[in-house]
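The structure under discussion appears below in the form of structure tokens.
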Amino acid sequence: MLLLLYMQALIDTDLELAAQLLTDGKCVAIPTETVYGLAANALDRNAASQIFKIKNRPEFDPLIVHVDSMRSAMKWVTEFPENAELLARRFWPGPLTLVLPKRKEIPYEVTSGLDTVGIRVPQHDLTLQLLEMLNFPLAAPSANPFGYVSPTSADHVFDQLREKIPYILDGGESYVGIESTIVGFEDGIPVVYRKGAVTEEMIREICGDVKTATHSTSNPKAPGMLTSHYSPHADVEIITRFVRSIRDNEGYIAWKELPKGMEVKNKFILSPEGDLFEAARRLYAGLRLLDRKGLVRIFIEQVPEEGIGASINDRIRRSAAEK
Ligand code: TXA
Ligand code: MG
């Protein structure tokens, strides 16, 4: 199948137009609270296949299906274990994806041949309204070329996909800023495949128990677990020692403030206030901002490994991993 090229994606808030394009089998970028998604009709195998082409995404990496409510989610899965229901009731709409056995209506093109589907209800007014208008769910991975930093604004999507999609639904900046927590179930016990804003502590509080999947680079359960992912063009180096000088073709991303006495031209502070939620919200914008300058290297500090901080550090480590 050929990939259609467009003059330039429109960026606007026209829900009718977005719904029409999606109904016609086209891909449209949509805002969510985590990151922007590249959406298509999840029941249409051809539309879903377009997503892989546009993103240059390997076929083994399944898509997340977005629905407007828990009731809708129930239509596309065959089982909803008790713990899944508890988590959905507590965190939907919100940054949590549940991996559950799929119904046959969800094509294998969406799940990369798996018998399970990752499904979530995003917390974003525009996208929830859009989902309510449609009579199908939306398959949507993050709206970036495979392996690159996820987009947290309409401009980020435009930067990289402008001629590959007709429309970007503009919902402002994503307020969580990192991708959803992905949770599967083994013997009914929740297993975290990808860390996110819904933390393991939060899941344990509700389900009493939680496991963390170990990393794997081949045939991963969630390719968000690929060691190298979410990474800019520049080399990313995590700060483990005091760095005296940063060259003009390098950049520095600090957690709260620059080290005393450091002079650096290309800098970005994640959260001057030391707020981990602000750091999550700004991480990808910071990486993109510095990467746009064509730097050879970006130094980055890790944040405190507590709560959502562990999820931020997870993304920082993957962005710094050997490509
Ligand atoms: O926050 C998010 O989850 C964003 C927004 C757009 O919803 N989406 C997102 O999608 O991050 P993506 O494609 O970049 O990452 C989806 C991850 C992939 O690593 C994929 O393998 C995993 O979800 N996934 C999807 N279905 C799965 C399944 N059945 N079993 C295991 N992992 C699955
Ligand atoms: Mg992604």
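We count ligands from 1, going down the list as the structure has it; atoms in each ligand are counted the same way. Atom set for the values below is all heavy atoms of this structure, side chains included, hydrogens, waters and symmetry mates excluded. Residue numbers run from 1 in the order of the sequence given.
The residue from G118, A29, P62 that puts a heavy atom closest to atom 24 (N) of ligand 1 is P62. Counting only non-hydrogen atoms, the option in R120, K102, K55, R194 that gets closest to atom 15 (O) of ligand 1 is R194. Which of D61, V35, T97 comes nearest to atom 4 (C) of ligand 1 through a heavy atom is settled by distance: it is V35.
Figure legend: cation-pi geometry between K265 and Y252 absent, as NZ or CZ is not positioned both under 6.0 Å from the six-membered ring centre and within 45° of its axis.
A heavy-atom distance below 4.5 Å is found between the side chains of K102 and T111.
Near I182, with a cut-off below 4.0 Å to any heavy atom, the atoms of ligand 1 are 17 (C), 22 (C), 23 (O). Of all the atoms in ligand 1, the ones that sit under 4.0 Å from a non-hydrogen atom of S180 are 1 (O), 2 (C), 3 (O). Close contacts of ligand 1 with S142, meaning ligand atoms under 4.0 Å from a residue heavy atom, involve 8 (N), 9 (C), 10 (O), 12 (P), 13 (O), 14 (O). Those atoms of ligand 1 with a heavy atom of P141 less than 4.0 angstrom away are 10 (O), 12 (P), 13 (O). Atoms of ligand 1 found under 4.0 Å from any heavy atom of G37, numbered from 1 in the order shown, are 6 (C). Counting the atoms of ligand 1 from 1 in the order shown, those under 4.0 Å from a heavy atom of L114 are 28 (C), 29 (N), 30 (N). The atoms of ligand 1 that sit less than 4.0 Å from any heavy atom of T34 are 1 (O), 2 (C), 4 (C), 5 (C). Which parts of ligand 1 touch H66 is read off a 4.0 Å heavy-atom cut-off, strictly below it: atoms 5 (C), 6 (C), 7 (O).
Counting heavy atoms under 4.0 Å from ligand 1, residue R57 touches it through the side chain alone. With a heavy-atom cut-off of 4.0 Å, T116 touches ligand 1 through backbone and side chain alike.
Ligand 1 has no nitrogen or oxygen under 3.5 angstrom from a nitrogen or oxygen of E179. Considering backbone and side-chain N/O atoms, Y36 never comes within less than 3.5 Å of an N/O atom of ligand 1.
Among the atoms of S142, an N, O or S atom is found under 2.8 Å from the Mg ion (ligand 2).
Side-chain contact check for S271 and D275: no donor-acceptor pair (N or O, by modelled atom type) lies under 3.5 Å. Using modelled atom types, one finds no donor on one side chain facing an acceptor on the other under 3.5 Å when comparing S153 with D155.
Between E59 and K55, no side-chain nitrogen of the basic residue sits less than 4.0 Å from a carboxylate oxygen of the acidic one, so the salt-bridge criterion is not met. E200 has no carboxylate O lying under 4.0 Å from a charged side-chain N of R204, or vice versa, which leaves the two without a salt bridge. Remark: E33 engages R120 in a salt bridge, criterion side-chain N to carboxylate O under 4.0 Å.
Between Y175 and H124, the distance from one ring center to the other does not fall under 6.0 angstrom.
Judged by distance alone, with hydrogens and angles left aside, the side-chain atoms of R57 form a donor-acceptor pair with the main-chain N or O of D61 at under 3.5 Å.
Partner of H156 under the side-chain contact (heavy atoms from CB on, under 4.5 Å) criterion, chosen from S174, S150, P151: P151.
Not a single heavy atom of T111 sits closer than 4.0 Å to an atom of ligand 1.
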Self-check item: Chi angles and distances behind the side-chain hydrogen bond (donor to acceptor under 3.5 Å, both in side chains) call for E179, Y284
Solution: CA-CA 11 Å; E179 303 79 359; Y284 290 159; 2.9 Å; yes
